[in-house]
Amino acid sequence: MNEGTGANFMNLQFAAKSENESFARVTVAAFISQLDPTMDELSDLKTVVSEAVTNSIIHGYNNNPEGVVTIQAEIRDDMITIIVEDRGEGIEDLELAKQPLYTSKPELERSGMGFTIMENFMDEFEVSSEPGRGTSIKMKKRIESKKALYN
């Protein structure tokens with residue numbers, strides 16, 4: 001993130017506990033609200049944050065609350081960038097993990113659609129991961145402000 005170069009930004013860290021997923025979603029939504037997004041845009045952004053945070057908690061840390069999830073968000077003009085990171089297990093086979101319906105935790109009744117949802121709801125989506133070191137998900141979306149719709 002390019003802190004201090006005219007952009008607005010936030011950083012958030014929290015324990016890898018499932019009850020913090022809604023906290024993360026609401027916090028990022030409140031930050032993004034300054035762009036006056038449509039309800040659909042806001043819903044999409046809340047969904048991708050939920051998916052990314054849940055992946056960090058369940059897959060990165062195996063529900064170990066000792067883990068820490070980090071979210072960075074930046075607003076530059078009408079573009080929001082969100083990065084969700086963990087320092088958990090990492091992903092062995094990233095290409096396999098990106099396949100729709102693939103899940104490494106079928107016993108938890110996971111749908112395996114997290115990465116697909118994130119990719120479809122955002123303008124840009126990239127995942128980097130290193131086994132034993134963690135995963136970073138970077139997503140970008142251009143917000144079509146409601147103000148622009150009425151002018």
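Worth saying up front: this structure is predicted, and the values here are computed from it rather than measured.
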Q: Give, for atom CD1 of I82 and atom CD1 of I75, the distance between the pair rounded to the nearest 0.5 Å.
A: 9.0 Å

Q: List the atom of F125, the atom of F115, and the distance in Å for their closest heavy-atom pair.
A: CZ-CD2, 3.7 Å

Q: Sorted by first residue and then second, give each salt bridge (Lys or Arg N to Asp or Glu O under 4.0 Å) pair with at least one member in residues 7-23; sequence neighbours left out.
A: E21-R25

Q.
Between T70 and L12, is the side chain to side chain contact (heavy atoms under 4.5 Å, CB included) condition met? List the steps.
A. CA-CA 6 Å; T70 302; L12 178 66; over 6 Å; no

(Q) I need the K141 NZ to M118 CE distance, nearest 0.5 Å. (A) 14.0 Å

Q: Please name the residue in the list I137, V28, T54, T27 that meets the side chain to side chain contact (heavy atoms under 4.5 Å, CB included) test with V49.
A: V28

Q) Can you check whether D40's main-chain N or O pairs, donor with acceptor, with S43's side chain at less than 3.5 Å? A) no

Q.
One pair to check against side chain to side chain contact (heavy atoms under 4.5 Å, CB included): R76 and F9. What are the steps and the verdict?
A. CA-CA 9 Å; R76 182 174 302 281; F9 67 93; over 6 Å; no

Q.
If you apply the rule side chain to side chain contact (heavy atoms under 4.5 Å, CB included), what do you find for V68 with R87, and how did you get there?
A. CA-CA 7 Å; V68 175; R87 296 288 167 233; over 6 Å; no

Q: State whether R142 and D78 are salt-bridged, where the test is any N-O pair (Lys NZ or Arg NE/NH1/NH2 against Asp/Glu carboxylate O) under 4.0 Å.
A: yes

Q: Please tell me if the side chains of N63 and I57 come closer than 4.5 Å, counting only heavy atoms from C-beta onward.
A: yes

Q: Would you kindly confirm whether V26 and V69 end up in one hydrophobic cluster when ILVMFWY residues are joined by side chain heavy atoms under 4.5 Å apart?
A: no

Q: Grab the two heavy atoms, one from S129 and one from T135, that are nearest each other, plus how far apart they are.
A: OG-OG1, 2.8 Å

(Q) Can you give me the closest heavy-atom contact between P37 and I32, atom names plus distance? (A) CD-O, 3.7 Å

Q: Could you pull out the closest heavy-atom pair between V53 and A24, with the gap in Å?
A: CG2-CB, 4.0 Å

Q.
Just verifying a value: how many Å separate L45 CG and M122 CE, rounded to the nearest 0.5 Å?
A. 5.0 Å

Q. Hey, what do you get for CD (E51) to OG (S56), rounding to the nearest 0.5 Å?
A. 11.5 Å

**Q.** Pairwise distance CG(L35) to CG(N8) - rounded to 0.5 angstrom
**A.** 9.0 Å

Q: Identify the two heavy atoms, one from F121 and one from V48, that lie closest to each other, and give their separation to 0.1 Å.
A: CB-CG1, 3.7 Å

Q) With no hydrogens and no angle check, is any side-chain donor or acceptor of N62 less than 3.5 Å from a backbone partner on N64? A) no

Q.
Let's go through F14 and I71 carefully: what are the C-alpha distance in whole Å and the side-chain angles of both, what is the deciding distance for side chain to side chain contact (heavy atoms under 4.5 Å, CB included) to 0.1 Å, and is it a yes or a no?
A. CA-CA 9 Å; F14 51 90; I71 299 178; 3.8 Å; yes

Q. How many angstroms lie between atom CD of E74 and atom CE of M79, to the nearest 0.5 angstrom?
A. 10.5 Å

Q. What pair of heavy atoms forms the shortest contact from E89 to H59, and how long is it?
A. OE1-O, 4.0 Å

